[in-house]
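Read through the structure below, which is laid out as structure tokens, and then see the notes.
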Amino acid sequence: LAKTTQPISMDSYEGQEVNITCSHNNIATNDYITWYQQFPSQGPRFIIQGYKTKVTNEVASLFIPADRKSSTLSLPRVSLSDTAVYYCLVGRRNTGGFKTIFGAGTRLFVKA
Amino acid sequence: SQTIHQWPATLVQPVGSPLSLECTVEGTSNPNLYWYRQAAGRGLQLLFYSVGIGQISSEVPQNLSASRPQDRQFILSSKKLLLSDSGFYLCAWSSGRLPNTEAFFGQGTRLTVV
């Protein structure tokens, strides 16, 4: 499984756009990039997943350059409730199981 | 819809006592099941995963064991807890048939060994 590197923490203010970048230099051809969000004392929850270019859903956008060695999670107009830890994961999609490695993640603090 | 139940939510146990955490999934069949542990302020560490009844893979050798007695039941156990077993334990499931796009997590059990 490819190792990921992301900032330990980030600060932002309400209403701003937040971009969290993740490096995954050893990403394999079959690997997908997935982001999770975790609030204190809760399990992580899926935010978005992509393979290349751009993916957008009602929560966030995911930008993946052509070389796929990094990815950027973009949260538009964050609110206080977006304060959480965000994990970048890289792994294969297959029917044999979804083993994931969660690093320390990025702690996002949204201030009023 | 699928749901995952994990209990208890919090647990305080003395050193040397046994442990049994239970996780059940509803609304799906033949899920892949996982146990993770999270130390305070740290990422999640995969402890065990299972792709079927009686099939357990251990990722980290330790004082814990896992069992899957039924298709949608996953149990984390210990015969004698250590102080270092304290942490936030999370159960998760993912689809066993379709290409996996995401894992769904339970609410977690906060274990404090005293």
Side-chain angles (χ1 to χ4, degrees), chain A residues 1-9 20 22 24 28-51 55 57-60 62 73 83-109, chain B residues 2-11 21 23 25 30-52 55-60 68 74 87-112:
Chain A
L1 295 174
K3 180 181 177 181
T4 61
T5 302
Q6 51 185 123
I8 295 174
S9 66
I20 306 174
C22 177
H24 27 80
T29 303
N30 295 329
D31 286 343
Y32 280 72
I33 301 155
T34 310
W35 286 80
Y36 282 78
Q37 174 192 57
Q38 185 181 24
F39 298 113
S41 298
Q42 293 188 26
R45 67 167 188 156
F46 174 91
I47 299 178
I48 197 167
Q49 184 183 73
Y51 184 80
V55 179
N57 61 23
E58 65 278 5
V59 177
L62 179 60
L73 174 72
T83 294
V85 178
Y86 293 83
Y87 298 96
C88 167
L89 309 170
V90 174
R92 290 184 179 81
R93 289 171 57 173
N94 58 65
T95 57
F98 184 75
K99 292 195 293 179
T100 60
I101 295 179
F102 285 77
T106 297
R107 292 183 176 275
L108 173 64
F109 297 95
Chain B
Q2 301 88 2
T3 57
I4 179 169
H5 302 281
Q6 185 182 343
W7 66 93
T10 59
L11 190 61
L21 301 181
C23 172
V25 180
N30 196 31
N32 297 318
L33 297 172
Y34 313 85
W35 278 110
Y36 288 86
R37 177 171 60 197
Q38 186 174 35
R42 307 289 294 275
L44 279 71
Q45 178 186 38
L46 179 62
L47 301 176
F48 302 94
Y49 73 96
S50 171
V51 298
Q55 301 179 59
I56 309 294
S57 295
S58 174
E59 291 294 297
V60 182
R68 185 169 178 174
F74 206 23
F88 189 49
Y89 289 82
L90 288 156
C91 179
W93 75 273
S94 66
S95 172
R97 285 193 295 272
L98 300 173
N100 300 304
T101 58
E102 61 184 287
F104 301 89
F105 286 81
Q107 289 300 300
T109 296
R110 187 161 302 283
L111 171 66
T112 303

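Since the model is a prediction, treat every value here as computed from it, not as a measurement. Each chain gets a letter, A, B and so on, in the order its sequence line appears, and its residues count up from 1.
- Residue contact with chain A, scored on non-hydrogen atoms closer than 4.5 Å, involves the side chain of B:Q38 exclusively.
- For the residue pair A:Y87 and B:R42, the shortest heavy atom distance occurs at OH-O, 3.9 Å.
- Side-chain contact between B:F104 and A:F46 is absent, with no heavy-atom pair separated by less than 4.5 Å.
- Proximity of B:L90 to A:Q38: side-chain heavy atoms (C-beta onward) are separated by under 4.5 Å at one or more points.
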